[in-house]
A.B. asks: 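Here it is, the structure, as C-alpha cells.
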2 protein chains.
Amino acid sequence: MYSGAMDTRERLIESTMELLWERGYVATSPKAIQRRAQAGQGSMYHHFTGKHDLALEAIRRSAEQVCAVAESYFTASGSAYERISAYLTRERDVLRGCRIGRLTQDPDIMADPELRRPLDETFGWMRKRLTETIACGQEQNEFDSDFDPGEIAAAIAATVQGGYVLSKAAGSEGPFNDTIRGMLRLLGSLKT
Amino acid sequence: MYSGAMDTRERLIESTMELLWERGYVATSPKAIQRRAQAGQGSMYHHFTGKHDLALEAIRRSAEQVCAVAESYFTASGSAYERISAYLTRERDVLRGCRIGRLTQDPDIMADPELRRPLDETFGWMRKRLTETIACGQEQNEFDSDFDPGEIAAAIAATVQGGYVLSKAAGSEGPFNDTIRGMLRLLGSLKT
DNA sequence: GTCTATAATCGGATAGAC
DNA sequence: GTCTATCCGATTATAGAC
C-alpha cells in the first residue's frame with residue numbers, strides 16, 4: 001500500500017537516477033547520492049551493497065522509463081510517419097539529453113557488462129520498434145519499399161542521440177531542433 | 001628543429017588526448033597522464049599549471065584534428081553527395097567514438113566554458129561545412145532545392161555522433177554501419 | 001533501519017632539493 | 001626540467017552502537 005511519502009530506499013534510487021543523468025557514474029559519489037536522497041551512509045549501505053548495486057537498479061529503471069515513453073508514441077494512432085514524427089518532436093529537456101545514451105560515455109559503465117546491458121537492451125529495443133513501425137508503413141504503401149527499414153530506424157535513433165550531442169556542445173536547443181527538422185524532411189522523401 | 005623523439009611536454013599532451021578520448025575528463029587523473037607519458041609529477045606541473053590547463057591544450061588539439069580530417073573529405077573532388085558519402089563511410093575506430101563528441105557528456109567540461117568552447121567550435125564548424133557542401137549541391141542541381149541545407153547538415157552530423165552512441169551501447173560496429181547506410185539512403189532521396 | 005566512527009586509497013596540487 | 005616529500009580533502013567503503 002502506498003503511504004504517501006517516498007521511503008528511503010525509493011529516494012535513494014530516484015536520487016541516483018537524477019545524478020546519473022546529470023553527471024554519469026564516475027562523477028557521482030555515494031555521498032552526493034545520500035545528500036540528495038536525504039539519507040545517511042548507514043541507510044544506503046543497508047539497502048544496497050554499494051554504489052554499483054544502487055546504480056544498477058537506477059539504470060534499469062531509467063531504461064524502462066525511456067522505453068515506456070517511446071512506446072506510447074509508437075503505439076498511438078496515425079500513420080507510421082505521423083507516429084515517428086510525434087516521437088521525434090515530443091517535448092524534451094534537450095540540454096539534459098538522454099538518460100541512457102549519456103551513460104555510453106562513462107568508462108566504468110562500459111567496462112562493466114552488468115551495467116552496460118540495460119543500455120544495449122534499450123537501444124536494441126528502440127531500433128526494433130522503429131524498424132517495425134517503418135516496415136508497417138512500407139506494407140501499407142505509405143513508404144517506398146526499396147530501402148531497409150532497419151537502417152532507417154538506426155538513422156532515426158542515432159539522430160536523436162546525436163542531436164543531443166550537438167545541442168550540448170552548443171549550449172543551445174537550436175542544433176537539436178534543426179537535426180529533427182532535417183530528419184523529418186528526409187523521412188518525408190521516403191513517402192510514396 | 002625536430003630532434004626525433006617526442007619531448008616531455010608533447011608526450012604529456014598526447015597522453016592526455018588519448019585518455020580524454022578513452023575515459024573523459026573526470027575519470028582521468030594527473031597520475032594516469034603521467035604514467036602514460038612516462039613523465040614525473042614535477043614535469044607535468046612544470047609544463048602546465050594543472051589538469052585543467054593540460055586538458056585545455058589537449059582538447060584544442062583534438063578539435064583541430066577532427067576538423068582537419070573532415071575538411072580533407074569536404075574539399076576533395078566529386079559531387080556533393082560523393083564527398084559527404086566519402087566522409088560518412090571513411091574508416092573509423094567506431095567503438096572508440098568521437099574524441100570531441102564524447103566530451104559533451106563530461107560534467108566538469110560542460111561546467112567550464114573554457115573547456116566547452118572547443119566542442120562548440122568543432123560542431124559549429126562541422127555543421128557550417130556540411131551546410132556549404134549541401135548548398136553547393138543544390139546550386140548545381142544535384143539536389144532538390146526545397147529543403148534547408150542547414151537542417152540536413154545537422155541531421156548528418158548528428159547521425160555520426162548518434163551512431164557512435166548506438167554502437168557503444170551494443171558493443172558492436174553494426175549499429176553505426178546501419179546508421180550510416182540509412183543516412184546515405186535518405187540523402188540519396190534528395191537527389192534530383 | 002539508521003547513526004557515527006574509522007580507514008585505506010586516490011585526486012589534485014604545492015614546495016623545495018637537485 | 002625533473003625528482004621526491006608532503007598535504008588535505010574526497011572516495012568508497014566497513015564496523016559496531018543504538
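Lettering of chains follows the sequences in order, A, B, ..., and the numbering in each one begins at 1.
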A.B. asks: Give the rounded distance in Å between these two atoms: CG of L54(B) and C1' of dG12(C).
C.D. replies: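 In whole Å, dG12(C) C1' and L54(B) CG are 13 Å from each other.
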
A.B. asks: With respect to the side chain of Y45(B), which nucleotide from dA13(C), dT12(D), dA13(D) is positioned closest?
C.D. replies: dA13(C)

A.B. asks: At under 4.0 Å, does any side-chain N or O of T8(B) touch on OP1 or OP2 of dG1(D)?
C.D. replies: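 The answer is no; no side-chain N or O of T8(B) sits under 4.0 Å from OP1 or OP2.
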
A.B. asks: By nearest atom, which of the nucleotides dG1(C), dG12(C), dT12(D) is closest to the H46(A) side chain?
C.D. replies: dG1(C)

A.B. asks: Just how far, in rounded Å, is C1' of dT11(D) from CZ of R23(A)?
C.D. replies: 13 Å

A.B. asks: Between E64(A) and R60(A), does any NZ, NE, NH1 or NH2 come within less than 4.0 Å of an OD or OE carboxylate oxygen?
C.D. replies: no

A.B. asks: Checking contacts here: which listed nucleotide (dG12(C), dC3(C), dA13(D)) is nearest the side-chain heavy atoms of S29(B)?
C.D. replies: dG12(C)

A.B. asks: What's the CD-P distance between Q34(A) and dA10(D), to the nearest Å?
C.D. replies: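 After rounding, the gap between these two atoms is 14 Å.
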
A.B. asks: Rounded to whole Å, please give me the gap between CZ in R11(B) and P in dG1(D).
C.D. replies: 13 Å

A.B. asks: Which of the following nucleotides, dT2(D), dG12(C), dA13(D), is nearest to the side chain of K51(A)?
C.D. replies: dA13(D)

A.B. asks: Over 60° means perpendicular and under 30° means parallel, so classify the ring planes of Y81(B) and F143(B), tilted if in between.
C.D. replies: perpendicular

A.B. asks: Report the distance from atom CE of M44(B) to atom P of dC3(D), rounded to the nearest whole Å.
C.D. replies: 14 Å

A.B. asks: Nearest whole Å is fine: how far is dG1(C) C1' from L12(A) CG?
C.D. replies: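 From L12(A) CG to dG1(C) C1': 12 Å.
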
A.B. asks: Please tell me which of the listed nucleotides, dG12(C), dA13(C), dT2(C), lies nearest to the side chain of P30(B)?
C.D. replies: dG12(C)

A.B. asks: From the options N177(B), T179(B), L184(B), select the one residue that forms a side chain to side chain contact (heavy atoms under 4.5 Å, CB included) with R181(B).
C.D. replies: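 Exactly one pass, corresponding to N177(B).
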
A.B. asks: Run the salt-bridge test on R36(A) and E22(A) with the 4.0 Å N-O cut-off and return the result as yes or no.
C.D. replies: yes

A.B. asks: Salt bridge or not for E132(B) and R129(B), using N-O below 4.0 Å?
C.D. replies: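 Yes, E132(B) and R129(B) are salt-bridged.
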
A.B. asks: Round to the nearest Å and state the distance from Q41(A) atom CD to dT2(C) atom P.
C.D. replies: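 Nearest whole value for this atom pair: 14 Å.
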
A.B. asks: With a cut-off of less than 4.0 Å, is there a side-chain N or O of K31(A) near OP1 or OP2 of dT11(D)?
C.D. replies: no

A.B. asks: Under 4.0 Å: is that the gap between some side-chain N or O of H47(A) and OP1 or OP2 of dT2(C)?
C.D. replies: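 It does, given that an N or O in the side chain of H47(A) lies less than 4.0 Å from OP1 or OP2 of dT2(C).
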
